[in-house]
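Counting starts at 1 for both ligands and their atoms, following the listed order. Since this is a predicted model, take the numbers as computed values, not measurements.
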Amino acid sequence: MNIKKIIAKKRDCLKLEKSEVDYFIAELVAGKIPDYQITAMLMAIYINGMEPKELSHFTSAMATSGSVLDLHAIQRIKVDKHSTGGVGDKTTLIVAPMVAAAGACVAKLSGKGLAHTGGTLDKLSVFPGFRTDLSLLEFESVVSKTGLVISGQTDELVPADKILYSLRDATSTVTSLPLIASSIMSKKIAGGADAILLDVKVGSGASTRSKDQAYTLANTMIRIGKSLNRRTHAILSSMDQPLGYTVGNALEVSEAIDTLMGNGPKDVLSLSLQVGSIMLEMAGICTDRQEAIELLDTQIKTGAAMEKWAEMIEAQGGDASLLAQPEQLRRAPHQSDLKAAETGFVSRMDARVIGEAAMLAGAGRKEKNDQIDLQAGVILHKKISDPVVAGETVFTILSSDPKKLHFAATHLQTAIAVSEEPIQPPVLVIDEIF
Ligand code: URA
């Protein structure tokens, strides 16, 4: 087989055979393809796309390009969720313990935040000692013991994605739909998931800003999952404004704790219950949505979900005592309030701008290896459709660095708009796709 011929086929819009895709990925991981040929292939995929069957072969070859987690010893269905990236999206912190407490097995590989979006691993690192770098054996051991594990991608899993992603970043091919879909799904499959729920975000803070783009991404990933014998469902959820009232690592953990204590914001609870109930159905624990929601509600009311979260934190080497002191997570050396300039109704709470402001305050990374400030972030005091009076506080910004606080505050001024007329809040869950 010849790499040049494979690239030429893709350049000419011809469909690659399984053997060609397998060869390309195997040679890629073996370090036998120079970067100029890999990037030529990436650009050909970016321009010409991939047929469903070809994409399924490509994803499968990526998923098996390194180690694959073998969780067969756990008899239950392993269910995972994936969000395509949002602002203030702390649902994994709520859903994973709730669903595991209800009897499902949740083995989740998560990522760190980049640019304006947050990452679950950063949020969990507020618990002193918590390890997000479990080896595959440790990962398997924690999930066997507790039914719940959340850790980072290891170098052994999907090495093809690591190579391709770094070159996508350098060649403006990150936004290619087949490359995004195969990147996400290969990691879910290598992570041992039998069932995968995708939360595809739509709106200003999402990578898919339009509903059309989000539907296409969701349907592409569902098709890949099903072709590889994984139960795969998706929801489309709004990311026109941040989820809940907090953006930033420690702040979001405190809001997740509030939610599991029964005092969380309505939108956070509602999305968590919706996502969690679908996961319970997919895991075969419940047969109907109402039964699943009631079971999840019981995990909150009895404290079982909080106990499960604490069990996971401890199993991964962390100190779970912060779960009992969420107020400790809302502190930072410097804080400043931003006031509304007009009276009326909030018509815009731009998720992207707020995410960027949180990043400028120190909560996120511009570059992959940037250090983050766990305390930094933004508290929202208003959401879209809320009445507001000129002079009222709309945002509180937190940071350990007064200069960063200033940059964040300046950036945030464009995040809000106020209208004279009342407006409707955005619909949170736009659609469910099976
Ligand atoms: N998340 C991934 O893992 N890969 C992408 O390409 C985009 C989002």
Side-chain angles (χ1 to χ4, degrees), residues 25 28 38-39 41-43 45-47 49-50 55-56 58-66 68-69 80-87 89 91-92 107-123 132 150-193 196-203 205-210 213-225 228 230 232 234-237 239 351-352 355 364-365 367-368:
I25 295 290
L28 171 90
I38 305 171
T39 52
M41 180 65 140
L42 287 173
M43 192 55 81
I45 294 173
Y46 181 92
I47 293 169
M50 279 185 143
L55 185 54
S56 164
F58 190 72
T59 308
S60 172
M62 283 176 70
T64 52
S65 64
V68 174
L69 271 163
D80 195 354
K81 82 168 264 282
H82 177 84
S83 150
T84 58
V87 177
D89 185 4
T91 45
T92 293
K108 183 156 173 46
L109 291 166
S110 279
K112 293 185 175 176
L114 190 59
H116 68 283
T117 60
T120 301
L121 294 187
D122 296 323
K123 293 169 201 172
T132 57
I150 304 178
S151 188
Q153 163 88 14
T154 73
D155 286 343
E156 303 129 277
L157 284 169
V158 200
D161 184 59
K162 204 168 178 187
I163 302 168
L164 291 177
Y165 198 90
S166 63
L167 292 169
R168 281 167 63 197
D169 204 27
T171 53
S172 294
T173 52
V174 167
T175 53
S176 154
L177 194 116
L179 293 176
I180 294 173
S182 54
S183 167
I184 293 173
M185 292 303 288
S186 60
K187 286 177 282 195
K188 297 284 120 190
I189 287 160
I196 303 158
L197 175 63
L198 303 158
D199 179 5
V200 179
K201 303 289 185 190
V202 192
S207 55
T208 38
R209 294 198 192 196
S210 75
Q213 288 173 322
Y215 273 111
T216 310
L217 178 60
N219 283 318
T220 305
M221 293 195 289
I222 289 175
R223 216 182 294 119
I224 293 174
L228 299 174
R230 302 310 193 275
T232 314
I235 60 166
L236 258 55
S237 72
M239 193 32 71
R352 181 169 298 261
R365 301 178 181 81
E367 303 290 338
K368 213 167 56 182

Legend entry - For the student: nearest non-hydrogen atoms of A206 and M239, plus distance: N-CG, 3.9 Å
Inset, instruction - List, ordered by chain and residue number, the protein residues whose closest non-hydrogen atom lies under 4.0 Å from any atom of ligand 1. - result: Y165, R168, I180, S183, I184, K187
Could you list the donor-acceptor pairs under 3.5 angstrom formed by side chains in residues 109-121, with sequence neighbours left out?
| from | atom 1 | to | atom 2 | distance (Å) |
| --- | --- | --- | --- | --- |
| H116 | NE2 | G205 | O | 2.9 |
| T117 | OG1 | L114 | O | 3.0 |

Legend entry - Counterpart residues, side-chain contact (heavy atoms from CB on, under 4.5 Å), relative to L179 (two or more places apart): L42, I45, F58, R168, T173, S176
Inset, instruction - Mind listing the closest non-hydrogen atom pair of A218 and L236 along with its distance? - result: CB-CD1, 4.0 Å
Legend entry - Close side-chain approach of T84 to L198, heavy-atom, < 4.5 Å: no
Inset, instruction - Report the residues that fulfil side-chain contact (heavy atoms from CB on, under 4.5 Å) with S56, sequence neighbours left out, ordered by chain and then residue number. - result: S227, L228
